[in-house]
Amino acid sequence: MRILLTFIALVCSALCLQATIKVVTFHPILTDIAQQIGNEHISITSLLKPGADPHQYRPTPSDLKSLSTANLVLLMGKGLEHSTELIKTNTPPQAVILEVGRNVPSIELTETKNIFYCCPKHSLGAIDPHWWHSIKRVQTATRIIHKALSNLIPEQENNLKVNANTYHKKLDNLYRWARKEIARIPRSHRKLATAHAAFGYFCSEFRFKAIPVQGLNKEQNATPGYLKEVIETIKKQKVPAVFPEHNANPKILKSILNETNITLGKPLLASGPLPESPRYEDMVRHNINNIVEALATK
């Protein structure tokens, strides 16, 4: 009897191992989505930690080594990762590489885009890679990752579907909460002046006008001419506040504050969630709470 029970335990253990796949992610939001869907059926190696800047990330030799046993590699896409080709080269051919953002609707930075009061000239024509600032697009990403996981572990499709639907509903609730909070901001105050052009998807989803100071990343510095245009726009549009980014040098915003005397809002999370609050929902709530605090009428 003991031998039979031991044999059954070994078989069950083997089946569990077969049902577990290794997922390697290059952004904490992808880690969160994959974990919400895959739960105990996947093991995740997250190479970009919460709080890190994806624009500056470059994979280390240890990071590349972790790809050798991956079944699924998740990238944000839309040009966010600067090392995509290196990652693909170091991923075994049997693994699935999924640029999640590829099938998420894009925003192109153009002067005619109606979400901008003024568009950073140094980023004209570029695709904004910060698609995660749209809750609806994250729901699209959830469907994409769910499909990829289902293809890899079809025997767990029922469990994956339940988990994906649960997370989708959680995002629905988050979206409703966000709309309710943003309703406290008068339409005349829905003007989002930020350190760099990371919130276009947020502005599109919640009908704000964006005034980015820098380009799509911190390396794309504003020219003196564009900085002057930003200051004039802020004055003309009577923008209530300008928002720095968490852990970023607010030096570039000081001249704006000196010229306009507007409020400096609390920092926003542009690149992703914080280590102490690593969930996507935490990041959204952090940003919306800070935006509403600065822009809502008292």
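In the hydrophobic clustering of this structure, Val24 does not group with Val96; members are Ile, Leu, Val, Met, Phe, Trp, Tyr whose side-chain heavy atoms approach within less than 4.5 Å, directly or through other members. Under a hydrophobic clustering in which Ile, Leu, Val, Met, Phe, Trp and Tyr are joined whenever their side-chain heavy atoms come within less than 4.5 Å, directly or via other members, Leu174 and Tyr167 fall into the same cluster. Hydrophobic clustering (side-chain heavy atoms under 4.5 Å, transitive across Ile, Leu, Val, Met, Phe, Trp, Tyr) groups Leu86 together with Ile97. Placement of Leu98 and Ile87 in two distinct hydrophobic clusters is found when ILVMFWY residues are connected by side-chain heavy-atom separations under 4.5 Å, directly or transitively. Under a hydrophobic clustering in which Ile, Leu, Val, Met, Phe, Trp and Tyr are joined whenever their side-chain heavy atoms come within less than 4.5 Å, directly or via other members, Tyr57 and Met76 fall into different clusters.
Looking at Arg137, its side chain does come within 3.5 Å of a backbone N or O of Pro105 through a donor-acceptor pair. Of the possible donor and acceptor atoms, one in the side chain of Thr166 sits under 3.5 Å from a partner among the backbone N and O of Val162. Side-chain N or O atoms of Gln139 include one that pairs as donor or acceptor with a backbone N or O of His168 at under 3.5 Å. The closest donor-acceptor contact from the side chain of Thr84 to the backbone of Glu81 lies under 3.5 Å.
Considering Tyr201, Phe199, Tyr280 as possible partners of His133, the one that fulfils the ring-ring contact (aromatic ring centres under 6.0 Å, His included) test is Phe199. For the pairing with Leu160, the side-chain contact (heavy atoms from CB on, under 4.5 Å) check across Glu155, His146, Lys147 returns one residue only, His146.
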Query raised in the report: Would Ile37 and Ile42 count as a side chain to side chain contact (heavy atoms under 4.5 Å, CB included) if you check the C-alpha gap in whole Å, the side-chain angles of each, and the deciding distance to 0.1 Å?
Result: CA-CA 9 Å; Ile37 301 170; Ile42 64 175; over 6 Å; no

Report task. Report the C-alpha separation of Leu149 and His41 in whole Å, then their side-chain angles, then the decisive distance to 0.1 Å, and conclude whether the side chain to side chain contact (heavy atoms under 4.5 Å, CB included) test is met. Result -> CA-CA 9 Å; Leu149 291 174; His41 304 298; over 6 Å; no

Using distance only, find each side-chain donor-acceptor pair of residues 175-186 under 3.5 Å and give its atom names and separation, not counting sequence neighbours.
residue, atom, partner, partner atom, Å
Arg176, NH2, Asn173, OD1, 2.4
Glu181, OE1, Arg184, NH1, 2.8

Residues 43-52, side-chain donor-acceptor partners within the protein, below 3.5 Å, at least two apart:
residue, atom, partner, partner atom, Å
Ser46, OG, Thr31, OG1, 3.0
Ser46, OG, Leu48, O, 3.4
Lys49, NZ, Ser46, O, 2.5

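Annotation for Leu30 and Leu75: closest pair CD1-C, 3.5 Å, computed over non-hydrogen atoms. Closest approach of Cys203 and Ala210 over heavy atoms only: SG-CB, 3.7 Å. Summarising the geometry of Gly265 relative to Ala241, their closest heavy-atom pair is N-CB, 4.4 Å, with the distance given to 0.1 Å. Taking both residues in full, the closest heavy atoms of Pro267 and His286 are given as O-NE2, 3.1 Å, listed atom of the first, atom of the second, then distance. Counting all heavy atoms, side chain and backbone alike, Leu264 lies closest to Pro244 at CD1-CD, 3.7 Å. Nearest heavy-atom pair across Leu67 and Pro92 is O-CD, 3.0 Å.
Of the inter-residue distances, the one linking Ile262 atom CD1 with Ile234 atom CD1 reads 4.5 Å to the nearest 0.5 angstrom. Atom-to-atom distance recorded for Lys22:NZ and Thr69:OG1 is 2.5 Å, nearest 0.5 angstrom. One distance of note links OG of Ser271 with NE2 of His55; it measures 5.5 Å at 0.5 Å rounding. The distance from atom OG1 of Thr25 to atom CG of Leu72, rounded to the nearest 0.5 Å, is 9.5 Å. A distance of 12.0 Å separates NZ of Lys238 from NZ of Lys236, quoted to the nearest 0.5 Å. His196 NE2 to Leu268 CG: the interatomic distance, rounded to the nearest 0.5 Å, is 11.0 Å.
In this structure, the ring pair (Phe, Tyr, Trp, His ring centres under 6.0 Å) partners of Trp132, at least two apart in sequence or on a different chain, are His27, His130. For the ring pair (Phe, Tyr, Trp, His ring centres under 6.0 Å) test, residues two or more places apart in sequence or in another chain that qualify with Phe202 are Phe206, Phe208.
Counted by atom type alone, Thr140 and Arg143 present one or more donor-acceptor pairs between their side chains at under 3.5 Å. In this structure, a donor-acceptor pair under 3.5 Å is present between the side chains of Asp63 and Thr60.
Applying the salt bridge (Lys or Arg N to Asp or Glu O under 4.0 Å) definition to pairs two or more places apart or across chains, those involving residues 268-290 are Asp32-Arg279, Glu281-Arg285. Listed by first and then second residue, the side chain to side chain donor-acceptor pair (under 3.5 Å) pairs involving residues 87-104 are Lys88-Glu99, Glu99-Arg102 (not counting sequence neighbours).
Contact check for Asn290 versus Leu269: no side-chain heavy atoms found under the 4.5 Å cut-off. A 4.5 Å side-chain heavy-atom check between Pro28 and Pro273 finds at least one atom pair inside the cut-off. The shortest distance between side-chain heavy atoms of Met283 and Ile29 falls below 4.5 Å. Counting heavy atoms from C-beta outward, Asp172 and Lys136 have side chains that approach closer than 4.5 Å. Side-chain contact between Gln237 and Lys209: absent, with no pair of heavy atoms (C-beta onward) separated by less than 4.5 Å. Between Ile127 and Glu108, some side-chain heavy-atom pair lies under the 4.5 Å cut-off. Contact check for Thr263 versus Pro240: no side-chain heavy atoms found under the 4.5 Å cut-off. For the pair Trp131 and Leu80, the minimum side-chain heavy-atom distance is 4.5 Å or more.
In Arg187, the CZ atom is not crowded: 12 or fewer heavy atoms of neighbouring residues, nucleotides or ligands sit closer than 6.0 Å.
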